Number of protein chains: 2
Amino acid sequence: MPGGGEQKRATIHDVARAAGVSAATVSKVLRGFPTVKAENAQRVHQAVEKLGYRIDPLAAGLRNEQRRILGAVVPDLESPFFGALVTELESAAEGAGYTMIVASSRESEPREAELVARMNDWRVAGTILAPVRSESGMGADRLRQFDMAAVLVDRVSADDRFDTVAADNYAASASVADLLIGQGHRHILMHGATRISKAVRTRLAGFADRAKALDSAVRMDTLLSDDDLDEQRRAIRAYFDAADPAKRATAVFSLSQHSTLLVLAELRRRDLRVPEDVVLIGFDDSEWMQTTWPSITAVAQPVRAIAQQAVATLLARVEGGNTGFPVQHLEPCELRHRQSGGAQQDAVTPKAWRRTAD
Amino acid sequence: MPGGGEQKRATIHDVARAAGVSAATVSKVLRGFPTVKAENAQRVHQAVEKLGYRIDPLAAGLRNEQRRILGAVVPDLESPFFGALVTELESAAEGAGYTMIVASSRESEPREAELVARMNDWRVAGTILAPVRSESGMGADRLRQFDMAAVLVDRVSADDRFDTVAADNYAASASVADLLIGQGHRHILMHGATRISKAVRTRLAGFADRAKALDSAVRMDTLLSDDDLDEQRRAIRAYFDAADPAKRATAVFSLSQHSTLLVLAELRRRDLRVPEDVVLIGFDDSEWMQTTWPSITAVAQPVRAIAQQAVATLLARVEGGNTGFPVQHLEPCELRHRQSGGAQQDAVTPKAWRRTAD
DNA sequence: CCCATGCGATGAATCGATTTACTTGCGATA
DNA sequence: TATCGCAAGTAAATCGATTCATCGCATGGG
């Protein structure tokens, strides 16, 4: 246990005194400047050790315009996706020697704007924003207004000012279409719930475009809703009530995790067997999906890749002085084949797709 | 859109100049000191408005020992429970005018200790620690070592140095015992998975103590495991394989969310009807539990109450100079009756229990 | 022998807000 | 009228680390 006696915190001047050098020299040693005699560096290190000295990141940041802090603003912290995203972001930032300040906009755009302003107060080196809605929301507007360095993630497509990083929703959804059409399904329900964000729309388009291209006669029903839980439950119940059982959709592509849960509950309630009567594939994987019976086939988002790409891209702007045009990153998703998805195609075993950025 | 032109950030001196007063006066106005002429205060506010001035929280904190920052260290950010907890903590801290720095120890004790040290670097006013293990872990040790103001939450019982806040696991579990024994169950499986923390042990004890007290002849099996997912799945499968079907446990009390999921999957796999064949009650509620079929009866933890109590308690120490003995707070849980829990007792309709702290 | 060069080190300025210690002005009191 | 007290305001010190502008000293070329 190094350190030991705790009374008043040691400052850089205490270290300097103990090592018999100036504070400036201590600073140089600590930040690795080469112009220090080896012997002095040695003594500084000993003094640091003995006093248990640690740099005050607040005081250290004061003088420079750039502070070694990154901000992250996400729509919520309670969903596994953003929880995991934040964990990975923090990890990546930490690896680069930055502290990360996380805040949740709680799905509110005004709050998102306020949080961006607060990040600006803290003079963060850069901000990672997962917008409530899209790249044209209030948070992104503020980022532009303050001319902040930032990367937009998840609920975004291209932007002319900021780099973006997102799962390749379009390609992954297209591949789900490949699978379902390949299995022979010609009547498919696409179901989206809770928040019809840009990501959900992209998934819808990716699936529909590919399905139509493979067989223009395919019938697709769309059920999208932004209402509260009970309303949505009623809507899906009404959908199945209305359908002639013989002409019911034989497969469901649910566009979000909430949606998957709702659909699954309704199918169970009707005693429809999955996948024998109805095949179910969901977008966004979750731990519970591998544990339910049947287990759920789902598209897993590359959370870690998104986080690492986001931090790397941001730091490239901040540190490397990358001044080129904004880049759009699409990270490939992975389809996790489980029971609810029915038979896996043999011909094509899709595992990861990447759509090249235009 | 107030503010408008962004070039260089306005400092307090810019505001002072624009208002025709000194920086000291501006500071007084902004922090609400009474000894300022109304007219000057007015002009300061106008200047602030015009320049879009915002206090630099970093510079503002430098001079005082106390910085308006709170630290929060939690075991993970991906579980709904801690996600919600952090959201509420942040909200409460914000309401009191503090910025919250969140970090995840990722279930690692050494990392937890390192994060506490880092919070100390930031000279946070106080720290909220949800320990990986218990109040005697490495993180709490560091808190003691640095003599930091802190509150321990969730996986803790009493401590002689820090205030603690937790769900009343003991009382809530006892009430689950009330319910199950009341329903006539005399053979019950208690299942715990993933991480056998202090909270899980308390739940186990709370249930077992009460069940034994109600009927000393009750048979309770205990299945606890800290292994990986596959191993745990195998264990529960083996448990049901071994049991004589006629003498199987008729009810399961799962001690964590993971556990609930595992048990549910196994029951489904065996085509055991819930609740007709086996009643299932879980500790820790989650959104998916109200959507599955059958829906899951579960104990909901008072996340918001815990968070608010934690922040309030911490600020009482930090600001109010509360120097009394450490207090142990237990927040009452709520049992959410749904389908998997079988018939709800009529005599007693337990909704919330509070165990008085000793 | 003188001066340019450069290494290694340092005192002082700096970042932006807060707070201390003091000044000024004015009315009230003895 | 002289003194005291109080309101209002400000210059300057302060927080802790970084960085700028020097500075001493040794070396080597001219």
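Proteins get letters first, then strands, A, B, ... in listed order; numbering begins at 1 in each. What you see is a predicted model, and the numbers here were worked out from it, not measured in a lab.
With sequence neighbours excluded, the residues that form a salt bridge (Lys or Arg N to Asp or Glu O under 4.0 Å) with Arg161(B) are Asp147(B). Arg63(A) pairs by the side-chain hydrogen bond (donor to acceptor under 3.5 Å, both in side chains) definition with nothing, not counting sequence neighbours. With sequence neighbours left out, the side-chain hydrogen bond (donor to acceptor under 3.5 Å, both in side chains) criterion links Arg43(A) to no other residue. A search for side-chain contact (heavy atoms from CB on, under 4.5 Å) contacts involving Ala150(A) returns Thr127(A), Leu143(A), Phe162(A), not counting sequence neighbours. In this view, Asp141(A) satisfies the side-chain hydrogen bond (donor to acceptor under 3.5 Å, both in side chains) rule with no residue, not counting sequence neighbours. Residues satisfying the side-chain hydrogen bond (donor to acceptor under 3.5 Å, both in side chains) criterion with Asp163(A), sequence neighbours excluded, are Arg317(A).
Every pair passing salt bridge (Lys or Arg N to Asp or Glu O under 4.0 Å) that includes a residue from residues 14-38 of chain B is listed here, sequence neighbours excluded: Asp14(B)-Arg17(B). Pairs engaging residues 78-87 of chain A under the side chain to side chain donor-acceptor pair (under 3.5 Å) rule: Asp76(A)-Ser79(A) [sequence neighbours left out]. Every pair passing salt bridge (Lys or Arg N to Asp or Glu O under 4.0 Å) that includes a residue from residues 94-103 of chain A is listed here, sequence neighbours excluded: Glu94(A)-Arg106(B), Glu94(A)-Arg111(B), Glu94(A)-Arg118(B).
Across the helix from dC1(C)-dG30(D) to dA30(C)-dT1(D), the helix axis at one end is tilted relative to the axis at the other end by 70° (nearest 10 degrees, each axis from five pairs).
Rounded to whole Å, the distance from CZ on Arg68(A) to C1' on dA17(D) is 15 Å. Rounded to a whole Å, the CZ atom of Arg63(B) is 15 Å from the P atom of dA12(D).
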Working for side chain to side chain contact (heavy atoms under 4.5 Å, CB included), residues Glu90(B) and Val102(B): CA-CA 9 Å; Glu90(B) 193 203 4; Val102(B) 181; 5.7 Å; no
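If you walk DNA chain C from 5' to 3' and mark each nucleotide with an atom closer than 4.0 Å to a heavy atom of chain B, the marks span dG16(C) to dT19(C).
Scanning residues 15-36 of chain A for heavy-atom distances under 4.0 Å to DNA chain C yields Val21(A), Ser22(A), Ala24(A), Thr25(A), Lys28(A), Thr35(A), Val36(A).
Toward the 5' end of DNA chain D, the nearer of the two residues Arg54(A) and Lys37(B), judged by each one's closest nucleotide, is Lys37(B).
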